Amino acid sequence: MSTILREKGIETIHDQVVSEAAQRWARAFQCKVTIKTNADHSPWADPGQQSDIAGWSFSPCGHNMQWMAEVETEDSLLDPETHRKWKRTAVCGIPLYLLIPRGNRAQAEKLAASVDLRFSSIYEYGFVNGVVQIL
């Protein structure tokens with residue numbers, strides 16, 4: 001399943017992938033999903049929570065975080081600050097997913113290991129005729 005995105009504020013590759021993954025995973029996980037795009041200047045929740053996509057649900061005690069995901073582009077994958085951000089984003093006991101450009105899995109795994117982090121899963125994305133394909 002894929003969607004051509006023409007949403008207001010969705011202009012970068014990063015934001016296209018964030019939006020597409022959020023739409024798909026909201027249906028798959030049957031939870032509320034909040035995104036943080038490059039156009040956003042503040043995180044959706046607590047200032048320490050900086051993930052690009054967060055899946056959550058309501059509970060009697062407040063919001064219950066179910067999972068988080070980070071989306072990287074080829075440029076951001078090379079940025080040393082990105083790897084430190086992954087470590088800051090990770091929360092014990094909450095699955096953390098990574099979406100990267102196709103063909104960068106080995107590099108992403110090596111970078112994650114360098115900051116002693118394991119992702120729950122790493123997905124690769126690409127574009128076919130302008131449509132995001134997530135593998």
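Keep in mind it's a predicted model, so treat the numbers as computed, not measured. Hydrogens, waters and symmetry mates play no part in the numbers below; they use all other heavy atoms, side chains included.
- By the 4.0 Å N-to-carboxylate-O rule, E109 lies too far from R118 to be salt-bridged with it.
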Derivation of the side chain to side chain contact (heavy atoms under 4.5 Å, CB included) call for V17 and F127: CA-CA 10 Å; V17 176; F127 291 84; 4.0 Å; yes
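- Counting heavy atoms of neighbouring residues, nucleotides and ligands inside a 6.0 Å radius, atom NZ of K32 does not exceed 12 of them.
- Atom NZ in K36 sits 12.5 Å away from atom OG1 in T34 (nearest 0.5 Å).
- At least one side-chain heavy atom of L77 sits less than 4.5 Å from a side-chain heavy atom of Q107.
- In the model, T12 has no side-chain atom that pairs as donor or acceptor with a side-chain atom of Q16 under 3.5 Å.
- Y97 pairs by the ring-ring contact (aromatic ring centres under 6.0 Å, His included) definition with W25, not counting sequence neighbours.
- The number of heavy-atom neighbours closer than 6.0 Å to CD1 of I122, taken from other residues, nucleotides and ligands shown, is above 12.
- The two residues V132 and I134 come nearest to each other via the heavy atoms CG1-CG1, 3.8 Å.
- Among all heavy-atom pairs drawn from N104 and E124, the shortest one is N-OE2, 3.5 Å.
- Closest heavy-atom contact between R102 and Q133: NH2-CB, 4.1 Å.
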Go through the steps for W56 and I94 under the test side chain to side chain contact (heavy atoms under 4.5 Å, CB included), then give the verdict. CA-CA 11 Å; W56 54 278; I94 297 177; over 6 Å; no
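- Here the CG atom belonging to L111 is positioned 5.0 Å from the CH2 atom belonging to W86, to the nearest 0.5 angstrom.
- With hydrogens and angles ignored, the 3.5 Å screen pairs no side-chain donor or acceptor of K87 with any backbone N or O of L117.
- One N or O on the side chain of S76 and one on the backbone of T73 form a donor-acceptor pair closer than 3.5 Å.
- The NZ atom of K85 lies 8.0 Å from the OG atom of S51; values are rounded to the nearest 0.5 Å.
- The structure places CG of L98 at 4.5 Å from CZ of F119, a figure rounded to the nearest 0.5 Å.
- Formation of a donor-acceptor pair under 3.5 Å by the D52 side chain with backbone atoms of A69 is not found in this model.
- No more than 12 heavy-atom neighbours from other residues, nucleotides or ligands sit within 6.0 angstrom of CD on Q30.
- Between Q66 and S57, the closest side-chain pair of non-hydrogen atoms falls below 4.5 Å.
- In terms of heavy atoms, V18 sits closest to I53 at O-CD1, 3.7 Å.
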Walk me through it: do R24 and E20 pass the test salt bridge (charged side-chain N to carboxylate O under 4.0 Å, His left out)? CA-CA 6 Å; R24 289 183 193 189; E20 177 65 23; 2.6 Å; yes
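- Closest of all the heavy-atom pairs between E72 and P101 is O-CD, 3.3 Å.
- L78 and V115 sit in two unconnected hydrophobic clusters of ILVMFWY residues. Membership requires side-chain heavy atoms under 4.5 Å apart, directly or through other members.
- In terms of heavy-atom proximity, G55 sits nearest to C31 at CA-SG, 3.9 Å.
- No side-chain donor-acceptor contact under 3.5 Å links H83 to the backbone of A113.
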